[in-house]
Amino acid sequence: MNLNEPGLVFPSDEWYMEGRRLRELRVHAGLSTRELATRLGVYRKQVQRWEKAQRFCLPRPEMMRLLEVLIACAQVGTSLSQRPEEKGR
């Protein structure tokens, strides 16, 4: 996963991302909209709104959390349906 591709803009306090880029990252991470929403503590509808938007904005800490979740899931290759205690089995 290369975060330096077009579709991500990082100004100072608010970060912008294209909705289609979020969807690409989410799919690459193997997460459904529901799984991503649960991990972020937001409603599934909010993730769907972000993905449908041409461009959406989040405060830096929230965007960092979003990217951390996507990167972690892409690296580990797990989804929420695979509980942490089940990974080692």
Side-chain angles (χ1 to χ4, degrees):
M1 180 181 321
N2 183 1
L3 296 178
N4 294 322
E5 294 180 18
L8 295 173
V9 178
F10 303 122
S12 58
D13 293 335
E14 294 184 337
W15 290 16
Y16 297 86
M17 182 186 292
E18 293 177 4
R20 67 171 178 76
R21 183 70 176 131
L22 172 60
R23 185 177 190 289
E24 291 169 3
L25 292 170
R26 178 184 56 76
V27 169
H28 179 76
L31 295 171
S32 69
T33 54
R34 185 178 308 279
E35 290 170 330
L36 179 58
T38 299
R39 287 179 181 240
L40 295 174
V42 299
Y43 291 107
R44 185 180 113 240
K45 287 277 190 190
Q46 183 61 50
V47 173
Q48 291 172 331
R49 281 188 207 111
W50 290 337
E51 289 185 356
K52 288 180 183 178
Q54 183 173 1
R55 187 166 137 169
F56 68 95
C57 173
L58 289 175
R60 184 177 183 270
E62 292 176 31
M63 186 67 82
M64 288 298 296
R65 175 72 182 131
L66 171 62
L67 294 173
E68 287 170 1
V69 167
L70 292 170
I71 290 168
C73 290
Q75 289 175 342
V76 176
T78 62
S79 69
L80 191 62
S81 59
Q82 190 176 18
R83 290 183 168 44
E85 62 272 9
E86 296 177 284
K87 286 184 202 174
R89 294 183 188 177

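- Note: H28 NE2 to I71 CD1 = 10.0 Å, rounded to the nearest 0.5 Å.
- In this structure, L22 and L70 have side chains that are in contact, with non-hydrogen atoms separated by less than 4.5 Å.
- Inter-residue side-chain proximity for C73 and E35 is flagged as unmet; no heavy-atom pair is nearer than 4.5 Å.
- Using a 4.5 Å cut-off on side-chain heavy atoms (C-beta onward), V42 and L36 make no contact.
- The nearest pair of heavy atoms linking E51 to T33 is OE1-CG2, 3.9 Å.
- Proximity of M17 to L25: side-chain heavy atoms (C-beta onward) are separated by under 4.5 Å at one or more points.
- L58 contributes atom CG, which lies 12.5 Å from atom CE of M64 (distance to the nearest 0.5 angstrom).
- Going from atom CZ of R21 over to atom CZ of R23 covers 13.0 Å, rounded to the nearest 0.5 Å.
- Among residues at least two apart or in separate chains, there is no salt bridge (charged side-chain N to carboxylate O under 4.0 Å, His left out) pair with a member in residues 41-50.
- Among residue pairs with one or both ends in residues 49-73, those qualifying as ring pair (Phe, Tyr, Trp, His ring centres under 6.0 Å) are W50-F56; sequence neighbours excluded.
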